[in-house]
Amino acid sequence: MLRAVARGDTEALAVLYDRHAGWLHARLARRCPDEETVREVLQDTFVTVWRSAGGHRGRGEAGGWLWVIAARRLVDAQRARARAERAAAHAAAHVTAQAGAHASAHPAHPAPPAVAPSAEDRVLAGLEYAEVGAALDRISPELAEVLRATVVDGLTTRETARLLGIPEGTVKTRALRARRELRAALAAGHPGGPHALGGTA
């Protein structure tokens with residue numbers, strides 16, 4: 001099917017969409033409450049498939065590859081949203097500071113404090129992904145690809161196994177080794193600073 005899409009077959013793309021759009025939408029919706037963002041990510045996913053189907057290496061099922069694309073597009077969308085929210089918060093803080101200066105000269109009602117971005121917003125905005133990404137580059141490739149799939153892309157053990165074409169037991173073993181190596185790499189850069197790594201089974 002993906003080979004046909006890579007050849008420019010629009011009917012094959014339509015079949016691929018009908019086959020996978022439903023469950024992709026459902027999984028994206030579980031990770032993002034904003035329906036508009038989910039629709040945009042889903043559309044962008046299939047635009048990416050149309051443009052890059054020829055690059056699919058054929059390892060594992062097409063569904064796993066599609067989910068990796070969708071998950072990464074969702075992270076990109078959430079990062080962009082977090083950046084916009086931070087910019088809005090910065091602008092609000094600037095306005096609040098000006099209002100505070102005015103209020104000090106003309107006492108009135110106190111201005112509300114500016115809201116700082118949450119830890120999740122900072123991660124989604126990429127402020128913490130950079131150091132994790134650099135650490136991933138320092139561990140062995142076969143371990144890094146498992147960690148990217150399970151942690152960064154949010155795939156389950158079964159989906160990761162299908163995507164990479166390896167047994168589920170191997171995914172679990174590599175994930176454990178990868179977390180140990182990644183923690184060591186992060187600790188080398190930030191001694192004494194714990195980092196929690198998630199992932200779904």
Side-chain angles (χ1 to χ4, degrees), residues 17 20-53 55-56 62-96 113-139 141 143-157 159-160 163-164 175 178-179 181-183 185-190 193-201:
Y17 182 91
H20 296 284
W23 70 264
L24 281 171
H25 183 280
R27 293 204 66 179
L28 289 168
R30 287 199 295 269
R31 288 162 173 75
C32 176
D34 185 69
E35 177 62 24
E36 182 178 356
T37 299
V38 170
R39 288 197 301 266
E40 290 176 355
V41 168
L42 186 63
Q43 179 180 359
D44 192 28
T45 296
F46 282 95
V47 170
T48 302
V49 169
W50 175 252
R51 293 173 176 171
S52 61
H56 178 56
W65 183 64
L66 287 171
W67 174 244
V68 168
I69 295 173
R72 288 174 178 168
R73 293 296 173 271
L74 180 60
V75 169
D76 290 342
Q78 290 174 319
R79 286 177 177 174
R81 182 177 178 178
R83 284 195 296 269
E85 289 175 351
R86 288 204 325 277
H90 179 74
H94 181 67
V95 171
T96 299
V115 179
S118 67
E120 181 180 4
D121 289 335
R122 292 196 298 272
V123 171
L124 293 177
L127 299 184
E128 296 174 23
Y129 274 143
E131 78 176 277
V132 174
L136 278 172
D137 290 337
R138 296 200 294 271
I139 69 176
L143 301 183
E145 67 178 0
V146 168
L147 210 55
R148 285 192 177 97
T150 57
V151 176
V152 178
D153 297 326
L155 299 183
T156 65
T157 298
E159 290 164 341
T160 301
L163 173 66
L164 301 178
R179 287 185 175 91
E181 289 194 14
L182 185 58
R183 286 193 184 99
L186 288 169
H190 296 275
H195 292 76
L197 297 173
T200 52

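Of all non-hydrogen atoms in L182 and I139, the two that sit nearest each other are N-CG2, 4.1 Å. Considering every non-hydrogen atom in both L24 and A70, the closest pair reads CD2-CB, 4.1 Å.
A distance of 10.5 Å separates OG1 of T48 from CG of L66, quoted to the nearest 0.5 Å. Note that NE2 of H25 and CD of E35 are 3.5 Å apart. Values are rounded to the nearest 0.5 Å. D44 CG to R39 CZ: the interatomic distance, rounded to the nearest 0.5 Å, is 14.5 Å.
For D34, the side chain to side chain contact (heavy atoms under 4.5 Å, CB included) partners at least two apart in sequence or on another chain are C32, E36, T37, R81.
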